[in-house]
Amino acid sequence: MSRTPKRRPASGGSALFLSRPGLAWAPSLPTGTLRRGIRCSEQPGCRADAWAAARDTMTDYGEEQRNELEALESIYPDSFTVLSENPPSFTITVTSEAGENDETVQTTLKFTYSEKYPDEAPLYEIFSQENLEDNDVSAILKLLALQAEENLGMVMIFTLVTAVQEKLNEIVDQIKTRREEEKKQKEKEAEEAEKKLFHGTPVTIENFLSWKAKFDAELLEIKKKRMKEEEQAGKNKLSGKQLFETDHNLDTSDIQFLEDAGNNVEVDESLFQEMDDLELEDDEDDPDYNPADRGSDSSD
């Protein structure tokens with residue numbers, strides 16, 4: 001039902017036809033006269049005053065609301081649910097078109113007629129939702145507020161639901177786009193990591209000096225640790241005197257060893273079996289041997 005005022009040219013002037021039957025301003029009548037006996041209190045702004053007065057008098061908000069409810073129930077048979085009749089309150093579930101992997105987003109909108117709806121905006125809220133982020137919910141509520149303001153004076157529930165339907169389709173597309181971007185980003189990061197693995201990090205003056213400073217510091221720390229360990233080991237090492245002073249058993253250990261051996265010392269006689277076969281020269285058997293020569297040799 002259209003409720004937007006329309007103008008239609010006529011001879012000798014123009015007539016303002018309203019959407020409600022039998023309500024029209026006719027210039028052929030005396031100035032300020034409306035059909036059904038409604039008159040403007042003043043000449044300036046007569047049409048506006050008459051429009052407001054006529055709507056308050058003639059509008060049957062309840063009838064318009066009932067007619068819209070019947071239409072909505074016919075349009076959304078599977079998603080329309082009446083919650084209460086006074087005030088009229090109902091829900092409509094809106095589901096997006098299937099996205100990637102048949103994924104959808106969904107919201108259930110709750111509407112409650114105000115007393116003078118559609119001249120006043122209906123009350124609305126997000127009754128429930130699936131797969132929507134908080135920012136998506138906020139965007140839907142802003143969209144409903146904008147559409148309600150633009151459609152004041154007309155039954156608007158179908159318009160609001162249609163706007164939300166389009167918004168949900170956009171959200172599904174955004175989810176698909178975002179996932180594709182994330183996938184590309186991960187592939188790019190994996191590719192860069194693989195390049196670094198095989199090609200290494202390019203050496204520059206800056207990163208070389210940074211590496212060398214770190215390496216020198218680690219090397220110095222290792223040297224200090226080693227020197228400390230050697231110093232500690234040197235302090236703990238005892239001299240021979242300190243060992244004897246510390247352990248008096250060491251004084252007799254060698255003697256005790258010999259005593260324990262006693263006559264049990266075994267000699268391997270096989271080592272001496274061939275001694276007679278050795279050709280050993282005896283100086284005394286030498287006919288040229290002169291003992292005086294030994295003395296001279298020693299003096300030399």
Side-chain angles (χ1 to χ4, degrees), residues 1-7 16-21 23 47-48 51-52 54-56 58-100 103-178:
M1 180 185 298
S2 174
R3 306 183 67 260
T4 305
K6 298 180 181 179
R7 295 181 184 276
L16 177 64
F17 292 89
L18 305 181
S19 60
R20 293 182 174 81
L23 183 59
R47 291 182 179 181
W51 168 249
R55 293 182 65 177
D56 288 341
M58 301 302 299
T59 299
D60 185 348
Y61 295 110
E63 182 180 359
E64 289 196 49
Q65 294 171 12
R66 286 190 294 273
N67 291 338
E68 185 181 33
L69 285 173
E70 291 179 3
L72 292 173
E73 188 173 6
S74 176
I75 296 171
Y76 307 105
D78 299 327
S79 60
F80 177 85
T81 303
V82 176
L83 300 179
S84 68
E85 295 182 358
N86 190 20
S89 180
F90 54 92
T91 61
I92 298 176
T93 300
V94 189
T95 305
S96 70
E97 295 177 356
E100 187 178 13
E103 183 179 31
T104 61
V105 293
Q106 178 178 289
T107 182
T108 298
L109 305 174
K110 178 182 177 182
F111 296 100
T112 302
Y113 285 149
S114 56
E115 184 179 355
K116 294 184 178 181
Y117 172 83
D119 288 340
E120 296 176 351
L123 303 178
Y124 52 84
E125 63 180 273
I126 303 294
F127 193 70
S128 65
Q129 58 87 13
E130 293 182 9
N131 301 328
L132 291 176
E133 303 290 341
D134 291 341
N135 58 330
D136 296 329
V137 173
S138 298
I140 291 173
L141 292 174
K142 290 180 181 179
L143 176 64
L144 288 170
L146 178 62
Q147 290 294 321
E149 183 179 357
E150 292 180 352
N151 290 277
L152 279 177
M154 297 181 290
V155 290
M156 64 179 77
I157 302 301
F158 177 78
T159 302
L160 299 184
V161 172
T162 301
V164 172
Q165 175 78 62
E166 294 175 354
K167 183 65 177 178
L168 294 183
N169 292 339
E170 291 179 6
I171 292 173
V172 169
D173 292 338
Q174 291 171 1
I175 292 175
K176 179 181 178 181
T177 301
R178 183 169 62 249

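Count residues from 1 along the sequence.
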Report summary line: Looking only at heavy atoms, the pair that brings Lys110 and Ser89 closest together is CE-OG, 3.5 Å

Query raised in the report: When you measure from the side chain of Ser74 to the backbone N and O of Glu70, does any donor-acceptor pair fall under 3.5 Å?
Result: no

Report task. Report yes if the side chains of Asn67 and Glu63 come closer than 4.5 Å at any heavy-atom pair, otherwise no. Result -> yes

Report task. Any chance you could measure Phe90, atom CZ, to Thr81, atom OG1, to the nearest 0.5 Å? Result -> 11.0 Å

Requested in this report: Take atom CZ of Phe127 as the centre, draw a 6.0 Å sphere, and report whether it contains more than 12 heavy atoms from other residues, nucleotides or ligands.
Outcome: no

Report task. Classify the side-chain pair Thr93/Thr108 by whether it contains a donor and acceptor separated by less than 3.5 Å. Result -> yes

Requested in this report: Mark yes or no for whether Thr107, through its side chain, and Ser128, through its backbone, hold a donor-acceptor pair below 3.5 Å.
Outcome: yes

Requested in this report: May I ask you to test the Leu168-Asp136 pair for a side-chain heavy-atom distance under 4.5 Å?
Outcome: no

Report summary line: Tested for side-chain contact (heavy atoms from CB on, under 4.5 Å) against Phe80, the lone hit among Val161, Ile75, Ile92, Ile157 is Ile92

Query raised in the report: Could you give the distance from CG (Asn135) to CD1 (Ile171), rounded to the nearest 0.5 Å?
Result: 8.0 Å

Report task. Supply the atom-to-atom distance Phe158 CZ to Leu160 CG, rounded to the nearest 0.5 angstrom. Result -> 11.0 Å

Report summary line: Heavy-atom closest pair (Ile175 atom, Glu103 atom, distance to 0.1 Å) is CG2-OE1, 3.9 Å

Report task. Please name all residues satisfying side-chain hydrogen bond (donor to acceptor under 3.5 Å, both in side chains) with Glu68, sequence neighbours left out, ordered by chain then number. Result -> Tyr113, Tyr117

Requested in this report: For the pair Thr91 and Leu83, evaluate side-chain contact (heavy atoms from CB on, under 4.5 Å) and give the outcome as yes or no after the intermediate values.
Outcome: CA-CA 7 Å; Thr91 61; Leu83 300 179; 3.5 Å; yes

Query raised in the report: Atom CE of Met156 and atom OG1 of Thr162: how far apart are they, to the nearest 0.5 Å?
Result: 13.0 Å

Report task. Can you see which heavy atom on Glu97 is nearest to which on Asn169, and at what distance? Result -> N-OD1, 2.8 Å

Report task. Working to the nearest 0.5 Å, report the span between OG1 of Thr159 and CE of Met154. Result -> 7.0 Å

Query raised in the report: Does Thr95 reach the main-chain N or O of Gln106 with its side chain, forming a donor-acceptor pair under 3.5 Å?
Result: no

Query raised in the report: Got a second to check how far Arg66's CZ is from Glu85's CD, nearest 0.5 Å?
Result: 11.0 Å

Requested in this report: Measure from the side-chain N and O atoms of Thr112 to the backbone N and O of Leu123, and report whether any donor-acceptor pair falls under 3.5 Å.
Outcome: no

**Report entry** Check: Ile126 and Leu132 side chains under 4.5 Å, non-hydrogen atoms
**Finding:** no

Requested in this report: Identify the two heavy atoms, one from Val172 and one from Ser96, that lie closest to each other, and give their separation to 0.1 Å.
Outcome: CG2-OG, 3.0 Å

Query raised in the report: Does atom CD of Glu150 have more than 12 heavy-atom neighbours, drawn from other residues, nucleotides or ligands, at distances under 6.0 Å?
Result: yes

Report summary line: Closest non-hydrogen atoms of Ala121 and Ser114, given as atom of the first, atom of the second and distance, are O-OG, 3.3 Å

**Report entry** Side-chain heavy-atom pair Leu144, Val164 within 4.5 angstrom cut-off
**Finding:** yes

Query raised in the report: Does CD in Glu120 sit with more than 12 non-hydrogen atoms of other residues, nucleotides or ligands closer than 6.0 Å?
Result: yes

